[in-house]
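Take a look at the structure set out below.
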Amino acid sequence: MSSSVKGMRDLWGDELRWFRRIEETAHRVFGAHGYREIRTPILEYTEVFKRSVGDSSDIVAKEMYEFLDKGDRSVTMRPENTAGVVRAMVDHKLLVNNDPQLLYYMGPMFRYERMQAGRYRQFWQIGAESFGVASPESEVESLAMLFDFLQGLGLKSLSLSLNSVGTPESRPAFNAAFRAFFDARADRFCEDCHRRIETNPMRILDCKNPGCQAALEGHPTIVEFLDDASKAHHTRLKELLTTLDIPFTENSRLVRGLDYYTRTAFEVLSSDLGAQSALLGGGRYDGLVKQLGGPDTPAFGWAIGLDRLAMVLKQLHGEAPFEPAPLLIPLGEAASAKALQLAREWWSAGLRVQLETRGCPLKKSLQSANRMGMKLALILGDGEFEKGTLAVKHLETGAQEEWAWNDVPSRLKG
RNA sequence: GCGGCUGUAGCUCAGUUGGUUAGAGUGCUGGAUUGUGAUUCCAGAUGUCGUGGGUUCAAGUCCCAUCAGCCGCCCCA
C-alpha cells in the first residue's frame with residue numbers, strides 16, 4: 001500500500017474541472033486587463049523569502065519546506081509567489097524604466113502546516129501583481145479585475161474588507177499609541193498578544209480570541225496615524241471604489257501576516273468557508289522590490305487559494321459542468337477500421353468523439369458509456385456500414401435514430 | 001506546534017457486556033439465445049477490521065504507541 005505524502009493530494013475528476021474553470025476564467029479576465037502571465041520556479045534561495053515575507057512571520061519561522069541541495073545551497077519551496085515574481089522582475093531588469101508591469105501567476109505553493117479542510121501542504125494560488133504604479137487608481141483597477149474574475153465564476157455573497165496598514169514611517173507613531181492603549185488594559189489580553197506586543201503589535205488587532213477582541217474596543221486605529229499622503233491615498237481609494245459600485249467595509253482591525261505590506265490591505269471573505277474564512281488577501285507592498293535589490297518601485301497585488309475557491313464553487317454550484325464525448329462503437333473488424341477513419345476526420349474537424357477500441361460485445365460498450373455519463377452512443381455495425389450510416393442511441397431516453405456519416409459533424413454540433 | 005473526534009469490502013456504514021468460518025446497502029463480475037445500456041430477476045467475488053505492540057483461554061471490540069483523516073486553535077490563501 002502506498003499513499004501520497006501527507007498534505008499532498010491528487011487533483012482529478014470534478015475538483016480538477018473546477019480548477020480548470022477557475023484557471024481559464026483567470027486567463028480570460030486578466031488578459032482583458034492587459035496582465036501577462038509569469039511562471040517562476042518552485043525552488044528559490046531561502047534568502048528570497050526571508051528577506052521578503054519576513055523573518056518574524058510564522059511562514060518563514062516554521063512553515064517552509066527548506067533544505068540544503070546537493071551543492072549545500074539553502075533552498076526553499078515557495079510558500080507564496082510574490083517574492084519569486086519580484087525576484088524575477090529584479091533579475092531581468094524589468095523595472096528599470098517607469099512602465100507599469102502587470103503580471104499574474106498560478107501554480108502550487110508549499111507550506112508545512114497542520115492540515116484542515118481546504119488547507120493542504122501543497123496548495124494552489126492565483127495571484128496578480130502590478131508594479132510601478134503608486135496610485136489608488138491602480139489598486140482599484142486590480143480590485144475591479146479581481147471582482148470581474150470572481151463574478152465570472154458566479155460568486156456573489158463575498159465581502160471586501162479594507163484597511164490601511166500605514167507605512168514604515170507612519171507606523172512608529174501608531175505603535176506608540178497602541179502600546180499605551182495596550183498597557184492600560186494589558187491584563188485583558190491573551191498570552192499570544194503579550195508576545196505580539198513585542199514582536200509585531202499590529203497583529204494583536206486580528207487576534208481571534210474573543211477576550212482580546214473585546215479588549216480592543218476603542219483602540220487607536222492605524223488610519224488616524226497615517227501621514228497626509230497615505231491618508232489622501234486611502235480616501236481616494238474609497239471614493240473610487242464607490243464610483244465603481246464595488247462594495248466594501250472598512251475594518252480597522254484588518255492586518256496582514258506578511259511583513260511587506262504598506263498602505264492598502266484587504267481581504268475577501270466567504271461565509272461558506274468555516275474557519276478558513278478568508279478566501280483571498282492582498283495589498284500594497286511599496287518597499288519590497290527595493291528590499292530585494294531592485295529599484296524603488298511601488299507595487300500592489302493579491303493572491304487567491306484555488307483549493308478553497310474550488311471548494312466554495314462546489315458548495316455553490318455542485319458539480320462542474322461536464323459532458324463526456326459521445327462513444328463511437330464499431331462492431332467487427334471492417335467497422336473498426338472505418339470507425340478509426342471516421343473518427344480521425346471528425347477529430348480534425350474539432351468534434352469530440354471517444355472511440356471504443358476494445359472490440360467487445362455491444363452490451364459492454366453501452367454499459368461503459370452509461371457509466372461514464374455519455375449521452376450518445378454511435379453504433380457502427382454491419383448493416384450501418386453497408387449503408388454509410390450510424391445507429392445513434394440517446395442513452396438518457398433510449399431513443400435511437402440513424403445518421404448518415406456525412407451528417408455527423410453538423411448534427412453533433414447542433 | 002496545541003486540543004478534541006474518527007479509522008471495518010471500491011463507496012456509505014452495522015457489528016450487543018470481548019466469544020465459532022466478520023455483515024448490510026450500493027458498486028463490481030457473470031448470466032436471463034449469440035448487435036442494445038440504464039430498470040428487473042438469478043448467481044458470484046471481494047476485507048492484513050489503518051499499522052505495531054500489550055492484556056486475555058479468546059480482541060474488530062479493552063489498553064498503549066504510531067500513522068492517516070476530520071474539527072477547532074495558531075497561522076494563512
Side-chain angles (χ1 to χ4, degrees), chain A residues 1-9 22 53-54 56-64 78-82 106-127 190-193 195-196 200 203 206-210 212 255-258 261 266-270 273-283 301-312 327 329-332 335 356 359-385 390-400:
Chain A
M1 258 292 271
S2 72
S3 61
S4 63
V5 172
K6 186 177 167 76
M8 312 280 160
R9 66 200 184 117
I22 293 166
V53 176
S56 71
S57 73
D58 276 30
I59 294 177
V60 169
K62 51 188 196 191
E63 294 176 357
M64 295 206 304
R78 60 186 188 195
E80 54 96 56
N81 211 161
T82 298
M106 51 183 74
M109 313 294 157
F110 303 83
R111 287 180 204 173
Y112 194 88
E113 286 187 289
R114 187 67 174 264
M115 292 190 47
Q116 225 169 97
R119 184 166 87 181
Y120 304 92
R121 289 181 176 179
Q122 174 175 336
F123 59 100
W124 294 72
Q125 283 190 335
I126 290 182
C190 70
E191 215 175 297
D192 285 332
C193 286
R195 182 174 47 75
R196 290 188 186 107
N200 196 348
R203 298 292 298 169
D206 74 342
C207 180
K208 299 298 187 298
N209 189 315
C212 297
V255 294
R256 310 252 56 224
L258 283 60
Y261 285 102
F266 74 94
E267 281 178 2
V268 175
L269 296 114
S270 164
L273 279 170
Q276 318 298 321
S277 62
L279 187 58
L280 71 98
W302 44 263
I304 183 164
L306 292 205
D307 306 82
R308 286 184 196 174
L309 182 55
M311 201 165 89
V312 172
L327 185 65
I329 309 168
L331 302 168
E356 172 62 86
C360 57
L362 177 58
K363 181 181 185 128
K364 271 201 144 338
S365 298
L366 288 172
Q367 275 176 350
S368 299
N370 194 57
R371 265 197 295 264
M372 290 188 283
M374 289 159 169
K375 294 213 163 66
L376 285 181
L378 312 176
I379 305 163
L380 179 62
D382 291 339
E384 291 81 12
F385 185 85
L390 294 172
V392 177
K393 188 175 184 70
H394 298 261
L395 291 167
E396 284 173 322
T397 61
Q400 194 159 320

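Protein chains get the first letters and strands the later ones, always in sequence-line order, with residue 1 at the start of each. No experiment lies behind these values; they were computed from the predicted model shown.
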Distance between P atoms of B:rU17 and B:rG53 (Å, rounded): 28 Å
Write out a two-atom table: protein N or O, nucleotide N or O from nucleotides 40-43 of chain B, distance below 3.5 Å.
none

If the condition is side chain to side chain contact (heavy atoms under 4.5 Å, CB included), which residues does A:K375 pass it with, not counting sequence neighbours? A:E323, A:E396
When rounded to the nearest Å, what value does the distance between P atoms of B:rU12 and B:rC71 take? 15 Å
Euclidean distance, A:I126 CD1 relative to A:L280 CG, rounded to 0.5 Å: 11.0 Å
Rounded to the nearest 0.5 Å, what separates atom CG in A:L279 from atom CE in A:M311? 9.5 Å
Nearest 0.5 Å, please: how far is CG in A:L366 from CG in A:L395? 6.5 Å
Spatial distance of atom CE (A:M106) from atom CD1 (A:I22) [nearest 0.5 Å]: 9.5 Å
Could you list the residues that satisfy salt bridge (Lys or Arg N to Asp or Glu O under 4.0 Å) with A:E113, not counting sequence neighbours? A:R119
When every nucleotide of nucleotides 27-38 of chain B is labelled 5' to 3' by its protein contacts under 4.0 Å (heavy atoms), B for base, S for sugar-phosphate only, - for none, what sequence of letters results? -SSS----BBBS
Pairs counted only when both distances fall under 3.5 Å, Watson-Crick or G-U: show me the 5' to 3' dot-bracket for RNA chain B, [ ] for pseudoknotted crossings and | for other-strand partners. (((((((..((((.....[...)))).(((((.......))))).....(((((..]....))))))))))))....
Say we look at B:rA45 and B:rG7: how far apart would their P atoms be, to the nearest angstrom? 28 Å
Please list each protein N or O that sits under 3.5 Å from an N or O in nucleotides 65-69 of chain B, with the distance.
unit_1 : atom_1 : unit_2 : atom_2 : d
B:rG69 : OP2    : A:K6   : NZ     : 2.9

Regarding A:E80, tell me which of base, sugar-phosphate or nothing describes its non-hydrogen contacts under 4.0 Å with the strands shown. nothing
For A:K62 and B:rC73, give me the distance from atom NZ to atom C1', rounded to whole Å. 11 Å
Please measure how far the C1' atom in B:rA9 lies from the corresponding atom in B:rU29, and state the result in whole Å. 15 Å
Could you tell me how far B:rG19 sits from B:rG3 if I compare only their P atoms? Round to whole Å. 33 Å
Which residues pass the side chain to side chain contact (heavy atoms under 4.5 Å, CB included) test with A:M8, not counting sequence neighbours? A:V5, A:Y65, A:F110, A:R121, A:Q122
Scan A:A303 against the nucleic acid and name what it touches under 4.0 Å (heavy atoms): base, sugar-phosphate only, or nothing. sugar-phosphate
Rounding to an integer number of angstrom, what distance separates B:rC28 and B:rU66 when you compare their C1' atoms? 34 Å
My understanding is that only residues two or more places apart in sequence, or in another chain, count here; which of them pass salt bridge (Lys or Arg N to Asp or Glu O under 4.0 Å) with A:K6? none
Output all residues satisfying salt bridge (Lys or Arg N to Asp or Glu O under 4.0 Å) with A:R256, sequence neighbours left out; order by chain, then residue number. A:E267
So, does the side chain of A:R119 form a donor-acceptor pair with the base of B:rA77 at under 3.5 Å? no
All salt bridge (Lys or Arg N to Asp or Glu O under 4.0 Å) counterparts of A:R114, not counting sequence neighbours: none
Closest heavy-atom pair and its distance - A:E356, A:S365: OE1-OG, 2.9 Å
Contacts of A:D206 that satisfy side-chain hydrogen bond (donor to acceptor under 3.5 Å, both in side chains) - sequence neighbours left out: none
Which atom of A:A377 lies closest to which atom of A:I329, heavy atoms considered: CB-CD1, 4.1 Å
Inter-nucleotide P distance (B:rG15, B:rG30), Å rounded: 34 Å
Determine the Euclidean distance between corresponding C1' atoms of B:rG47 and B:rG27; express it in Å to zero decimal places. 15 Å
Set of residues satisfying side chain to side chain contact (heavy atoms under 4.5 Å, CB included) with respect to A:F123, sequence neighbours excluded: A:M109, A:R111, A:Q125, A:D307
